[in-house]
Amino acid sequence: MIPEQPNHVVSTIENLPAESISTSPGPLHRMRNVFSREMLLSVALGQVLSLLICGIRLTSKYLSEDFHANTPLFQSFLNYILLFLVYTTTLAVRQGEENLLAILKRRWWKYMFLGIIDIEATYLVVKAHQYTTFISIQLLNCFIIPVVILLSWFFLLVRYKVLHFIGAIACILGIGCMTGADVLMGRQQKDDFYPGDSKLIGDVLVLGGATLYGISSVCQEYIVRNLSRVELLGMIGLFGSFFSGIQLAIMEHKELLKVPWDWQIGLLYIGFTACMFGLYSFMPVVIKKTSATAINLSVLTAELYTFFCGLFLFHYKFSGLYLLSFFTILLGLVFYFSTTTYVAQDPRVYKQFRNPSGPVAELPSSGHLEPSVTYTSLSQETEEEPRVRVA
């Protein structure tokens, strides 16, 4: 028989606040918080983008190596035309402030700048393959990660935690592991084929392309959070098709005439355009769900997906280092997505993201303005979070 508790003990327990008698979460509960549904969804969405990039690279490889169709500008032009037909025409039939002409009156020069950046980023990286080794391109392409982090920090006011930097470093180490596997398995090109001056030019082109990609990613994140995905893609389709068409007519018209057209080449161009269109259409959705930094970390696995397909299509040699690289990158993504970033919003200089699902900070009517901190979470958080003030 269980003895009754004294009345004063029962009264004391009943009067205790709930926080003081709640048990601390166990290891299983903490594991569930780390591997939450939101975190797994964010990783999965990034891998969908990687698979689309894998399709782009495979079709490009077939076009350039099997059919000698070296037409990167024409391939990009097809994508911009499709974006124009789908999204720019959608803006054209809208009414009011979201109409194409109204948008052009307010922000035409900004979208023209973004369109040129998007075109030249792709062109510089593709052009670099003519001057430097594939190994150098793999490594130097990681330069996009610090570019996006710095731009997000200073222009989007995103603040990162230690786990974010650990995750980013782990992802880059995964790419280094993959590069080492390429060297050991003999996938690198002969150094004699690329003289020293040529390599320097190629490396500079890769760094330039990575920088432009980083600028484009951060601009896209700002637009999809403040404006709309359709506006972003419609404007890229408009200015991208215009400027890439001019560049194509000047620089690539001779190569286009040399293409031995047949049904196989036609299918490859269609496949490339479909993958590229899917990538452009789906990327703003994932960026709004995660961030520009998260996207660029996630797509680092695209090269590994291309290699795994190449085992069957191009008879690449296998090494366990590729699997190690793949799981290292995935581990880095888990680290990155396991915690939240936050945006330090200064009402004097920064326009708040229009996010209906998130808390809206109330600005003081008078007095000294201090930047507030709003958390943007990828994992499940409590509905009411305390506002935090920083100096």
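In this text, all values refer to a predicted model and were calculated from it rather than measured experimentally.
L82 CG to F277 CZ: the interatomic distance, rounded to the nearest 0.5 Å, is 4.5 Å. Rounding to the nearest 0.5 Å places OH of Y87 at 11.0 Å from OG of S228. Rounded to the nearest 0.5 Å, atoms OG1 (T88) and CG (L238) are 5.5 Å apart. I246 contributes atom CD1, which lies 10.0 Å from atom CZ of F77 (distance to the nearest 0.5 angstrom). Taken to the nearest 0.5 Å, the CG atom of L83 stands 11.5 Å off from the CE atom of M235. Between the OG1 atom in T89 and the CG atom in L100 there is a gap of 9.5 Å [rounded to 0.5 Å].
Note: F74 and Y269 have perpendicular aromatic rings, judged against thresholds of 30 and 60 degrees for the angle between ring planes. Between Y160 and Y336, the two ring planes are tilted [angle within 30° to 60°].
Taking the side chain as every heavy atom from C-beta outward, V230 and R94 approach each other to under 4.5 Å. Within the 4.5 Å cutoff, the side chain of Y342 has no heavy atoms near those of the L157 side chain. Taking 4.5 Å as the limit, every side-chain heavy atom of T293 sits out of range of all side-chain heavy atoms of H164. You'll find the side chain of S152 stays beyond 4.5 Å of the side chain of S291, heavy atoms only. At least one side-chain heavy atom of E97 sits under 4.5 Å from a side-chain heavy atom of R106. A heavy-atom distance below 4.5 Å is not found between the side chains of T339 and V162. F282 is listed as a side-chain neighbour of L49, based on a closest heavy-atom distance under 4.5 Å. By the 4.5 Å heavy-atom criterion applied to side chains, N141 and E303 are not counted as neighbours.
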Problem set entry | L227 and R107: CA distance, side-chain angles, deciding distance, side chain to side chain contact (heavy atoms under 4.5 Å, CB included) verdict | CA-CA 12 Å; L227 301 171; R107 295 183 285 271; 3.8 Å; yes
Problem set entry | Pair S217-I295, side chain to side chain contact (heavy atoms under 4.5 Å, CB included): steps then yes or no | CA-CA 9 Å; S217 296; I295 287 297; 5.9 Å; no
Problem set entry | Y62/F314 under ring-ring contact (aromatic ring centres under 6.0 Å, His included): CA gap, chis, key distance, verdict | CA-CA 10 Å; Y62 273 116; F314 310 117; 5.3 Å; yes
For this session: Applying side chain to side chain contact (heavy atoms under 4.5 Å, CB included), run through Y222 and L156 and close with a yes or a no.
Result: CA-CA 7 Å; Y222 180 85; L156 299 183; 3.8 Å; yes
For this session: Starting from the C-alpha separation in whole Å, work towards a yes-or-no answer on side chain to side chain contact (heavy atoms under 4.5 Å, CB included) for F307 and F318.
Result: CA-CA 9 Å; F307 168 77; F318 178 76; 4.2 Å; yes
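Between Q220 and S216, the side chains place a donor N or O and an acceptor N or O closer than 3.5 Å (distance only, hydrogens not considered).
Enclosure of atom CZ in F242 is not indicated, since only 12 or fewer non-hydrogen atoms of other residues, nucleotides or ligands lie within 6.0 angstrom. The neighbour count for W108 CH2, taken as heavy atoms of other residues, nucleotides or ligands under 6.0 Å away, does not exceed 12. Residue F113 places its CZ atom among 12 or fewer non-hydrogen atoms of other residues, nucleotides or ligands, all under 6.0 Å distant. Under a cut-off of 6.0 angstrom, the local environment of CD in E255 is crowded, with over 12 non-hydrogen atoms contributed by other residues, nucleotides or ligands.
The hydrophobic clustering, which links ILVMFWY residues whose side-chain heavy atoms are closer than 4.5 Å, places L324 and I166 apart. Residues I169 and V158 do not share a hydrophobic cluster, defined by chaining ILVMFWY side chains whose heavy atoms lie under 4.5 Å apart. Residues L331 and V299 do not share a hydrophobic cluster, clusters being chains of Ile/Leu/Val/Met/Phe/Trp/Tyr side chains in contact below 4.5 Å. Residues L51 and L311 are members of one and the same hydrophobic cluster, defined by side-chain heavy-atom contacts under 4.5 angstrom among Ile, Leu, Val, Met, Phe, Trp and Tyr. Linking Ile, Leu, Val, Met, Phe, Trp and Tyr residues whenever their side-chain heavy atoms come within less than 4.5 Å places L323 and V334 in a single cluster.
Between the side chain of N99 and the backbone N or O of A92 there is at least one donor-acceptor pair closer than 3.5 Å. Using a distance-only test at 3.5 Å, with no hydrogens or angles considered, a donor-acceptor pair links the side chain of T211 to the main chain of L207. Using a distance-only test at 3.5 Å, with no hydrogens or angles considered, no donor-acceptor pair links the side chain of S76 to the main chain of L73. The closest donor-acceptor contact from the side chain of R159 to the backbone of T341 lies at 3.5 Å or more, if one exists at all. When atom types are taken as modelled, the side chain of N79 and the backbone of T273 share no donor-acceptor pair closer than 3.5 angstrom. A distance-only check finds a donor-acceptor pair linking the side chain of S50 to the backbone of S298 [under 3.5 Å].
In this structure, F326 has its ring center under 6.0 Å from that of Y305. Side-chain rings of Y213 and F143 stay apart, their centers remaining 6.0 Å or farther from each other.
Considering all non-hydrogen atoms of both residues, A210 and L140 come closest at CB-O, 4.3 Å. Closest of all the heavy-atom pairs between E252 and P72 is OE2-CD, 3.1 Å. Minimum heavy-atom separation, L321 to A181: CB-CB, 3.6 Å. Contact record, I56 with C275: CG1-CB, 3.6 Å, taken as the closest heavy-atom pair. Nearest heavy-atom pair across Y80 and S241 is CB-N, 3.4 Å. Across all their heavy atoms, A170 and G332 have their closest contact at CB-CA, 3.7 Å.
For the side-chain contact (heavy atoms from CB on, under 4.5 Å) criterion with K127, the lone passing option out of I201, L205, V206, T122 is L205. Checked against S325 for a side-chain contact (heavy atoms from CB on, under 4.5 Å), the options L330, L300, L173, L304 give a single hit: L304.
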